[in-house]
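Here's the structure, in structure tokens; my notes come after.
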Amino acid sequence: MAPKSRSYQISATPVTVVGHLLFIALTTLVLVWLLKFREGFALESANKSKIFNLHPFLMVVGFILMAGEGIMAYKAIPDRRDMKVQRSVHLTLQTIALGCGIFGIVVIFKFQKEANIPDMYTLHSWLGMSAVCLFGLQYLLGFFSYVFPGAESYARAAYRPWHTFGGMVIFLLAIATAEMGLLQKFLSLGLLREQEALIVNFIGLLLFLFAVAVGLAVVLPTYY
């Protein structure tokens with residue numbers, strides 16, 4: 001016998017609120033880490049660390065967090081009658097994420113060239129490049145399927161679950177890559193129990209929680 005009430009079920013709406021709060025907390029922690037402890041940002045500087053610092057900022061805040069917000073857009077925006085608003089927000093955030101991801105890759109290549117460090121020799125770099133390239137492919141497939149020129153309705157419907165699945169796989173790949181990059185930086189800086197170490201560890205922890213929030217938002221229904 002079917003239940004008469006949905007009161008026992010969980011809605012995606014509070015989960016997206018938690019996701020937004022984690023977005024704010026992560027952005028704040030990343031800025032505190034890079035501005036207070038790592039001397040800030042610069043695209044051109046004799047201090048090569050300032051060039052490097054653009055990479056974690058662009059990849060964590062610009063790529064991962066924006067992509068996560070874009071994934072949650074369909075559950076965070078309460079508009080059942082017209083999906084154009086949701087689609088526009090999703091597309092805008094994913095465009096920003098892709099741009100930041102590409103710029104983040106350019107920045108790290110620039111840093112490594114100027115610091116005489118070899119390219120693409122760590123698992124972190126392999127996974128990061130894979131995440132950005134797959135994201136770009138996913139973006140193009142989604143754009144030509146749903147935006148311009150747009151596939152037939154039956155083709156869009158058939159592709160939608162694969163688009164959702166592919167998006168989550170790429171997002172989780174990006175999360176794993178970021179966690180690996182944080183650990184790599186933690187070890188290279190020789191951090192132990194000082195304040196900077198706590199901030200880096202909390203960034204990693206909150207990234208995991210953000211991934212959980214985004215995943216739950218995708219699988220849970222939204223009740224109005």
Side-chain angles (χ1 to χ4, degrees), residues 23 26-27 29-71 93-143 166-192 194 196-197 199-208 210-211 214:
F23 178 100
L26 275 163
T27 302
L29 280 178
V30 170
L31 287 173
V32 168
W33 176 41
L34 297 175
L35 294 177
K36 181 178 179 181
F37 296 97
R38 296 289 102 207
E39 303 178 85
F41 312 105
L43 193 56
E44 298 288 344
S45 176
N47 183 352
K48 303 308 177 186
S49 294
K50 291 186 176 183
I51 300 175
F52 172 85
N53 291 344
L54 282 169
H55 178 71
F57 177 76
L58 288 166
M59 302 311 287
V60 173
V61 178
F63 184 56
I64 293 177
L65 296 188
M66 286 294 178
E69 288 288 335
I71 292 171
L93 292 173
Q94 301 295 46
T95 301
I96 294 171
L98 179 59
C100 288
I102 293 171
F103 191 30
I105 294 294
V106 171
V107 164
I108 198 62
F109 276 124
K110 174 181 171 63
F111 162 75
Q112 292 182 158
K113 179 180 179 181
E114 296 186 11
N116 294 316
I117 299 173
D119 296 324
M120 301 296 295
Y121 69 96
T122 64
L123 181 59
H124 168 73
S125 62
W126 293 5
L127 295 180
M129 182 63 74
S130 299
V132 174
C133 290
L134 289 172
F135 190 96
L137 178 61
Q138 168 90 345
Y139 181 93
L140 290 174
L141 290 173
F143 184 85
M168 281 306 303
V169 168
I170 296 166
F171 176 72
L172 294 176
L173 174 61
I175 291 286
T177 304
E179 300 284 14
M180 195 176 298
L182 287 170
L183 177 60
Q184 187 174 304
K185 191 63 176 176
F186 188 101
L187 295 175
S188 69
L189 293 173
L191 300 178
L192 293 173
E194 56 264 42
E196 183 179 0
I199 289 176
V200 173
N201 283 339
F202 269 110
I203 291 172
L205 176 61
L206 294 184
L207 271 174
F208 167 73
F210 184 72
V214 173

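All values below come from the heavy atoms of this structure, side chains included, with hydrogens, waters and symmetry mates left out. We number each residue from 1, following the sequence as shown.
With a 4.5 Å cut-off on side-chain heavy atoms, Ile199 and Phe202 do not count as touching. Using a 4.5 Å heavy-atom cutoff, the side chains of Leu93 and Ile71 are not in contact. In this structure, the side chains of Asp119 and Met129 stay at 4.5 Å or more apart for every pair of heavy atoms. The shortest distance between side-chain heavy atoms of Leu182 and Val60 does not fall below 4.5 Å. Two residues are said to be in side-chain contact when any heavy atoms from C-beta on lie closer than 4.5 Å; Phe37 and Glu194 fail this criterion.
Shown here are the salt bridge (charged side-chain N to carboxylate O under 4.0 Å, His left out) partners of Lys36, two or more places apart in sequence or in another chain: there are none. Listed by chain and residue number, Glu44, Glu114 satisfy the salt bridge (charged side-chain N to carboxylate O under 4.0 Å, His left out) test with Lys110 (two or more places apart in sequence, or in another chain).
Ring geometry, Phe23 versus Phe210: the interplanar angle falls from 30° to 60°, so the pair is classed tilted. In this structure, Tyr139 and Phe143 have parallel ring planes: the angle between them is below the 30° cut-off, well short of the 60° mark.
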Run Val107 and Leu43 through side-chain contact (heavy atoms from CB on, under 4.5 Å) and show every step you take. CA-CA 8 Å; Val107 164; Leu43 193 56; 4.3 Å; yes
Worked check of side-chain contact (heavy atoms from CB on, under 4.5 Å) between Met66 and Val61 | CA-CA 7 Å; Met66 286 294 178; Val61 178; 5.6 Å; no
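A distance-only check finds a donor-acceptor pair linking the side chain of Trp126 to the backbone of Met120 [under 3.5 Å]. A side-chain donor-acceptor contact under 3.5 Å links Asn53 to the backbone of Gly40.
Atom CZ of Phe109 sits in a crowded spot, with more than 12 heavy atoms from other residues, nucleotides or ligands closer than 6.0 Å.
Residues Leu206 and Leu29 approach most closely at CD1-CD1, 3.6 Å, considering heavy atoms. Residues Ala131 and Phe63 share a closest heavy-atom pair of O-CZ, 4.2 Å. A pairwise comparison of heavy atoms in Ile175 and Ala211 identifies CG1-CB, 3.9 Å as the closest pair. When every heavy atom of Ile170 is checked against every heavy atom of Leu134, the shortest pair comes out as CD1-O, 3.4 Å. Shown here for Leu207 and Leu65, the closest heavy-atom pair between the two residues is CD2-CD2, 4.4 Å. Leu192 and Ala197 make their closest contact through O-CB, 3.2 Å (heavy atoms, listed as atom of the first residue, atom of the second, distance).
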